[in-house]
Amino acid sequence: MDLQLEQIGHRYGDMAVLDNINLDIPAGKIVCIVGPSGCGKSTLLRLIGGLEKPSAGSVVQVGEPPAGSFNPLTYVFQDFALLPWRTVEDNVRLVLEDHPINKTETNAIIHDVLSRTKLIEFRHAFPRQLSGGMKQRVAISRALAVKPAVMLMDEPLSALDSQTRELLLDDLIRLWCREPFTSVYVTHNLNEAVRIGHSIVVLSRRPGRIREVVNIDLPLEQRARGHIELDRQQTHLWNIMRDEAIAADQELLSG
Amino acid sequence: MDLQLEQIGHRYGDMAVLDNINLDIPAGKIVCIVGPSGCGKSTLLRLIGGLEKPSAGSVVQVGEPPAGSFNPLTYVFQDFALLPWRTVEDNVRLVLEDHPINKTETNAIIHDVLSRTKLIEFRHAFPRQLSGGMKQRVAISRALAVKPAVMLMDEPLSALDSQTRELLLDDLIRLWCREPFTSVYVTHNLNEAVRIGHSIVVLSRRPGRIREVVNIDLPLEQRARGHIELDRQQTHLWNIMRDEAIAADQELLSG
Amino acid sequence: APQLAMAEETPINVGALRFTSHAASFVAFERGYFAEEGLNVTFKFFQAAQPMAVAVASGDVDYAVTAISGGLISLAEKGAAKVIGGALLEEQGIDGQKILVSDAAFKAGITKPAMLDGKTWATTQAGSSFHYMGAKIAAAEGVTLRFKPLQKVGAIIGAVKSGQVDSWSIVPHIAKPLDKGGAVHIIGNVADYIPDYQVTVVFTSADNASNKREPTEAFLRAFSKGADDFNAALVDKTAGDDAAEEMVKLIHKYVYTDRPYEKAAPSIRNGAMRISPDAAINTASIQDQLDWFKAEKLVKQSITFDTLVDSSYVKK
Amino acid sequence: MADSREVAFRGGGFAPQAKPWVGVLVFITVICIIEYGTRQGIISNLTLPRPTDVLATFLDLWRSGLLWSHLLPSLSRLFVGAALGATAGICIGVLIGLFSLIRAGLVPLVAAIFPIPKIALLPLFVIWFGIDEASKYALIAFGTFTPTVVATYGAVDNVDRTLIRMGQSFSLSWFSIVTKIVLPGAMPGILSGLRISLAIAIILLVAAEMLGAEYGIGAYILEAGSLYDLERLFVGVTILSLLGVLVSTLIGYTEKRLLSWRG
Amino acid sequence: MADSREVAFRGGGFAPQAKPWVGVLVFITVICIIEYGTRQGIISNLTLPRPTDVLATFLDLWRSGLLWSHLLPSLSRLFVGAALGATAGICIGVLIGLFSLIRAGLVPLVAAIFPIPKIALLPLFVIWFGIDEASKYALIAFGTFTPTVVATYGAVDNVDRTLIRMGQSFSLSWFSIVTKIVLPGAMPGILSGLRISLAIAIILLVAAEMLGAEYGIGAYILEAGSLYDLERLFVGVTILSLLGVLVSTLIGYTEKRLLSWRG
Ligand SMILES: Nc1ncnc2c1ncn2[C@@H]1O[C@H](COP(=O)(O)OP(=O)(O)OP(=O)(O)O)[C@@H](O)[C@H]1O
Ligand SMILES: Nc1ncnc2c1ncn2[C@@H]1O[C@H](COP(=O)(O)OP(=O)(O)OP(=O)(O)O)[C@@H](O)[C@H]1O
Ligand SMILES: [Mg+2]
Ligand SMILES: [Mg+2]
């Protein structure tokens, strides 16, 4: 299943947030979206996932979602969005409860996703007992549990410290290599973008427009730390964005 | 004025947080502290600044603080710690109000530090109107206003998005190059550490002990992005820390 | 006999306060007069008279005894309550309600009601019997009083004891111990100013008065019997000491229950005032009270004696 | 692209939208139903008064000038009592927030005083404070005090500790930290506590005016109640209700001015 | 190193420490002072009763068995009334939190009802609910209702919207979102609202028992007040105060059990 964004525009009241976004999200690929703060990255992700209706244009789903997918478009949130009153296991169970599957199947799915993220031992722990990295791994397990066609990730690593972020980025890459998934991955971190993105979409300052789309052909498994090609791409991206970032940082926020 | 940490140990109740820390902080140098989450970096910084009393050992101040320093040991906090009900200018004024200087002097100091951080235009804005980068620049101005002998910085950039972080790191380096200051700089980000640290102290998992001290001789102004020597040092640090980071991330938090 | 007319016992609710002035009902109940009339009485006790009046209007209580108050007249005007008989009566010669002054006022030389000019007079609420008594005394003596509404008898006692209001009038069993304690002084009798004052009346809902004649008459008969016993034992004291003792014991089942008998007995004896024989109504007194309420603009001008009283039940 | 379709919308909701006219409509409907019911006799005149009669009674009260004779003493009692109670409450609350010893001593005392009904103490208030204005002020002050204390020390507790540590790290004096960081930081919590305290103060007006008040909205209500005059009772209750709305609006306005930094 | 010295400590403070014995000490001191004062005659017997007399009165009450005759009806009124009011309040509060239309219609109504003193409506309660238990339940329920509504919709409003969006993003049904996300998320706020509502319920016990109650702590207090019997008045007040502490402890316990996930 592919996604196509067709001339998407969005406004909040008088404020234009996104303008004329055209983009293809092919199956099995990770599309990264980068851009200065407030340029509408999260908004774009909400439009793709159907959590908000675009003011103009449309998000089109091409082809059927794979059979057995409970929730074709599935989010992973920056702040994990775990229910603090449910254990790890029950947080995953939450998203399966509304579907017509029996208890053994549910337990099998939970076991499967928690072992893929190495959380089996912690299945009875409450979120408050987990470190940030573990919380995000729970959120990823939960997303995997509904067998998504597309994973929509909004800065999934930015709430973590940079060491944990390194570890989790490796985990994500390993997960993708084992079984490729489609993803739209919003990030602020250019290093993250060049490590995990098959293509990187650079948005301009608000109202967000597509400045450039950078494709990186290097297979994910070969993108080690400090790879020369990646450093080159990262510096290229930084040069595109530098002025926008300075301007965005110097702006007084309204309201 | 130098600082010397002598056999510092610290416990909270039954929990040992720091153990046998010996460290010299020479004047005019930036000492970075890195280590896994919860290893006691912030605690160590609080001990150095006199905000907490160490359970064992002592922090010794060698030599007099420079004349005219209102607050020899001055913090820059991760979450900015700006008073939301005061404007930029008044946030800086706050820390001068308890000192016996007259109004014109105060205003001159405020003007000076705000222009060094390029915030003059925004002096009447409230914190809520500022972007994260600007807020941290206000916090840095406030720290500069009291003419500190040592700046104690607790992950000053980690609340910012990575593009703003790049910009602010450059600003900090430029500030230091213009007028070298002494600093203890806690960070999670190894890239930040190799870019700004004259020496980098690696702490072990809790209870924090010094694993290694890495000295980088390259002058700050030459440490550009993607410098080979820095990348090498960064990878070296990552290798020291990797296992600690994994273990720290896998730990259930107590309480 | 009336009880044959009714196939089985009629259940009725009687509202009461735990005061000696409600003794007629207690006696009629304890001595089986209600049962003889085929009435199965349940007492509903209240902390104040005003909610009791409202409870009669709402049908929660069938019969009750209370002072004529603005509230009762208003309920009668709304077609919800009717006075059907008389109860407590001021009578010259019998110990009745007392006029009190605070110790401070007494020391300042106020020893007669005539000297109360410009002084404060405690009432519970505007339109209460205290208000009426004060107004009548003031009119008779040609003085002006300032009325202080204090809502609760407890608050009034506190205010009089501490000298914050100057004067008040109250039933003897409260007045006498206060006087004895020295904090207040009795300076007169209400009966001297309002002769034959109909202090309390028996009333019921308008519906009972007009549509349930039989049980209403039965109630009044039993009530009167209780009143006769009470008057004989404690007011006229014609029944002898044993009867008086027995009467006090009977009443102690309802009043001052949490005090030992020895402490309660004097209060019960002190509280004995005449209850109108045959529940007769002193029409003149009621008319006077009604006129006063109207003059004070506390009730609607359109109310007549017959709105308030159903005089078909008892002798006037 | 035979099998292509738009992504379905599944967000929205759970976000209240302002619909001010609905509130007005509800009030009008309720009043109309009561008017109709009382006119038709479905609602007996013992149960509820006719709204038009209440209005007429109110207009009478206004024209006779008595409205002001009742309203002004009540307002001054409310003002003085609430000012005393709130000021004392804020002071004690701040002290509790700042000093562990005072907290340990007073918090249980306040907790024990809170559930005491003020009307139970009416006879004592007469002795303690007399039956003039002092006892009314005292009763309202007493009722306003406890909730203000609780709200205030809660607000002080909730002041961001990092801001306090910041103040200490710049070696600010204790006094500066309290006046420049703790108090402004606690202000939002204190103000929202005042919303409740002042509503309680209005409620206590009736209890306060049980004590020898001839004039005052509370006294007016009590008299109406004792005369079972429902029209006047409802006029009084409506005035208190409007007073509540007014006070709440005033606090909203104060919040807007004092807390303009929240944007 | 002639001029070397340790860094001065300047942190600490602004963090309350538990000192439970101080509270106990304060109570004991206050009681001792009153005892001494009344014995010496510094405090007149009109102003405050002697604590030992209060205790003796309490013991009498206990021995006579009347304590239970007064306490049990009050407890059952409190329980039924507060349960009714709190349940209705939580339901309406959740509805207000969930539906904009209901919010727009009911919030102004609740705001208008809040400042109405319940004692002003006593005569009406008799007509509406009679003089038996129903009117006492109704009065307490009515008084508990409004603060519970306000606390509940506040709690629902404060449920983290990202959790709700998460639920929607997984296409959970509306019902699942409400029962599994909104209600558990609002629970801490609802419970802390109940603290206030139940304190109010205890306060209203006295008002409720003005309505034709023979037995009950409120009736006991009223009778003591009307006889100006300070010992008994204080026995009653102390019982209510202890009841308040008990209820607050019970809520604390419920919080601990229900909100164990907060750790
Ligand atoms: N529900 C909303 N109502 C009104 N304005 C909104 C809403 N959501 C977002 N905005 C505004 O739209 C703009 C874009 O927001 P968005 O969150 O999409 O930016 P972003 O690129 O994700 O920023 P960041 O990098 O900080 O996460 C911002 O100015 C924001 O204030
Ligand atoms: N005031 C305190 N009382 C009790 N325990 C504390 C206190 N402050 C910190 N700790 C504990 O001490 C340990 C070290 O905390 P500290 O904040 O110094 O770590 P850190 O290295 O700064 O972590 P991070 O990288 O997450 O900022 C943690 O386990 C923390 O929970
Ligand atoms: Mg975003
Ligand atoms: Mg830290």
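Chain letters run A, B, ... following the sequence lines, proteins first, then strands; residues in each count from 1. This structure is a prediction, so every number in the text was calculated from the model and none was measured.
The parts of A:Ile246 that come within reach of chain B are both its backbone and its side chain, each placing non-hydrogen atoms under 4.5 angstrom from that chain. Heavy-atom distances place the side chain of B:Asp231, and not its backbone, under 4.5 Å from chain A. Of the atoms belonging to B:Gln250, heavy atoms from both backbone and side chain fall under 4.5 Å from chain A. Both the backbone and the side chain of B:Met134 come within less than 4.5 Å of a heavy atom of chain A. Residue B:Ser158: no heavy atom, backbone or side chain, is found under 4.5 Å from chain A. B:Arg165 touches chain A through its side chain: at least one heavy atom from C-beta onward sits under 4.5 Å away, while N, CA, C and O do not. Proximity to chain A is limited to the side chain of B:Asp170, based on heavy atoms less than 4.5 angstrom apart. When heavy atoms are compared at a cutoff of 4.5 Å, B:Ala245 approaches chain A by way of both its backbone and its side chain.
In this structure, CG in B:Asp249 is found 4.0 Å from OG in A:Ser131, a value given to the nearest 0.5 Å.
Atom CD of B:Glu179 is surrounded by 12 or fewer heavy atoms from other residues, nucleotides or ligands within 6.0 Å. A:Glu229 CD: more than 12 foreign heavy atoms inside a 6.0 Å radius.
Of the listed residues B:Gly132, B:Pro36, B:Ser162, B:Gly38, the one with more heavy-atom pairs under 4.5 angstrom with chain A than any other is B:Ser162.
Side-chain atoms of A:Gln163 come within 3.5 Å of backbone atoms of B:His188 as a donor-acceptor pair (strictly under, hydrogens ignored).
Here the side chains of A:Glu155 and B:Asp161 are not in contact, with every heavy-atom distance at 4.5 Å or above.
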